[in-house]
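Below, chain A is the first sequence line, B the second, and so on; all start at residue 1.
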Amino acid sequence: MLDPRLFRTDLENTAAQLMRRNFSLDTAAIARLEEERKGVQVTTQELQAKRNQSAKVIGQAKRNGEDVAPLLAAVESLGDELKAAEARLGEIQTELNAILLGVPNLLHESVPDGASEDDNVEVRRWGTPREFAFEPKDHVDLGEGLGLLDFDTASKIAGARFSLMTGPLARMHRALIQFMLDTHTSEHGYSEVYAPYLVNAESLYGTGQLPKFAADLFRVEHDGRDMYLIPTAEVPVTNIARDTIVEADQLPLKFTAHTPCFRSEAGSHGKDTRGMIRQHQFEKVEMVQLVRPEESFAALESLTGNAETILQRLGLPYRVVTLCAGDTGFSSTKTYDIEVWLPGQGKYREISSCSNFGDFQARRLQARWRNPETKKPELLHTLNGSGVAVGRALVAVMENYQQADGSVQVPEALRPYMGGIESIQAKG
RNA sequence: GGAGGGUUGGCUGAGCGGUUGAAAGCACCGGUCUUGAAAACCGGCAGGGGUUCACGCCCCUCCAGGGUUCGAAUCCCUGACCCUCCGCCA
């Protein structure tokens, strides 16, 4: 959520900045509501002050044993007037708040202009895509050829957009998770978190998935209340800081968590219908940082670097792109996507997304820190990034490490997690 | 699932329906003292909002939402969460 003060003091400039995202702010409506809010709020507060005064006087009189009947008569109509004013003020505030909740974050000045992913700007590349002496297969052919990946059975069990892995392939999937968690905790200074996979609506408002993106979520009813399967670990982990004030010496807070992620939107676009690139359920290792405001852009660089380390250790070629204005997520001020090379598709595909949210999430979350200079609680800055998407990492390993006979070599970094085996061979 | 108890400021914890936005303690900040530190003593210290050039003044907030009342942290209703005991359970 943006600072509501922007609506009061810097409306036109805010609207202009939002146009970079192609988001048009109804400044006329907001100005009108703000104007009315001001008047009604002043009236309301005057009535409240009057009520407090009268109550005090009456209390005093009563204690002195005086007759309070005339005093009571004098305030008779006050209650109704006040109630009406409070009700109207509430309506206006609800309306303004609804608008505010739908407004995306302001972009950092370094974010390039552009409308779609075609306008994203490449920042750097790492590694060189391998030359194949044979026609490289994609992960579906490889996995099914090995007899370890089975989409038909998955769809029997659950439906489209789910996958079933068995044997050493399932183990490699698990190995990737362990490898990533170990790297982030022992080398990058993150503390490991195990968090709920079902969350309440408040948490989703906090990180910005609600109210705007309800359709992307799996909703579960429990005891007559709605709960949601997390679409990313960002939700439970960032919400650790909701409604808290962190002492300055505790910062930065760096968390990493492995969780499954559930997304109902996957599949509705007809994209990536083949394979496990886009699934309703997938695993992710996530990094979350809560930092002092002045440090958040430096933190974005290091967090992105932490994700890159994973790909480097796995020997997977990738590139980093800065998302353009039109492609940057709702809550983000700036996002880097890391795209891994997939020989089966002959292109780079997103495997991690690292964002700085500034104070946008923190304001919704009321996640604050005590600034020693001002002695006041101030909003934190929040960041997160995938470190990295596990299913896609598995796809990348399979495709990049495939052999002519359809087997898959195990990257060095994963061997300790796989009982030392060097390759995954066809079953039987 | 059953029966009780609870939710107050950064933390602990008082709080008769009427100067209680809230005692006290801790923590924190400043000062006195000290060569320095500790201790002791003195003082300060919730958050959000409105208005003001500013000093200030005012409003809201004691889990949330309703209600009673001239007046609610305090009474009533509903809900959430936490704790204890019993039952069940991986």
State which of [options] makes the closest approach to the side chain of [X].
{"X": "A:Val75", "options": "B:G50, B:C29, B:C70", "result": "B:C70"}
{"X": "A:Lys38", "options": "B:G50, B:C59, B:C29", "result": "B:G50"}
{"X": "A:Lys83", "options": "B:U68, B:G10, B:C60", "result": "B:U68"}
{"X": "A:Gln48", "options": "B:G50, B:G10, B:C60", "result": "B:C60"}
{"X": "A:Arg368", "options": "B:U68, B:C58, B:G47", "result": "B:G47"}
{"X": "A:Arg225", "options": "B:A80, B:C29, B:G50", "result": "B:A80"}
{"X": "A:Gln45", "options": "B:U68, B:G49, B:G71", "result": "B:G49"}

If you define the side chain from C-beta out and look only at heavy atoms, does anything of A:Leu198 sit under 4.5 Å from A:Ile230?
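A:Leu198 vs A:Ile230: side chains apart.
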Spell out, as yes or no, whether a donor-acceptor pair under 3.5 Å connects the side chain of A:Arg349 to the backbone of A:Val340.
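Looks like no, no N/O pair under 3.5 Å.
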Phosphate OP1/OP2 of B:C58 contacted by A:Asn52 side-chain N/O (<4.0 Å):
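No, A:Asn52 has no side-chain N/O under 4.0 Å of OP1/OP2 on B:C58.
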Can you find a side chain N or O atom of A:Lys375 that sits less than 4.0 Å from OP1 or OP2 on B:C45?
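The answer is no; no side-chain N or O of A:Lys375 sits under 4.0 Å from OP1 or OP2.
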Calculate the interatomic distance between A:Gln53 atom CD and B:C70 atom P; express it in whole Å.
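Interatomic distance, CD of A:Gln53 to P of B:C70: 18 Å.
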Do A:Ser423 and A:Gln425 have a side chain donor and acceptor closer than 3.5 Å?
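Per modelled atom types, A:Ser423 and A:Gln425 side chains form a pair under 3.5 Å.
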Please give the distance between the C1' atoms of B:G71 and B:G17 as a whole number of Å.
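Between the two C1' atoms, the distance is 8 Å.
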Just the table, please: protein N/O against nucleotides 15-22 of chain B N/O, every pair under 3.5 Å.
from, atom 1, to, atom 2, distance (Å)
B:G18, O2', A:Arg63, NH2, 2.8
B:G18, O6, A:Lys62, NZ, 3.2
B:G18, N2, A:Ala55, O, 2.9

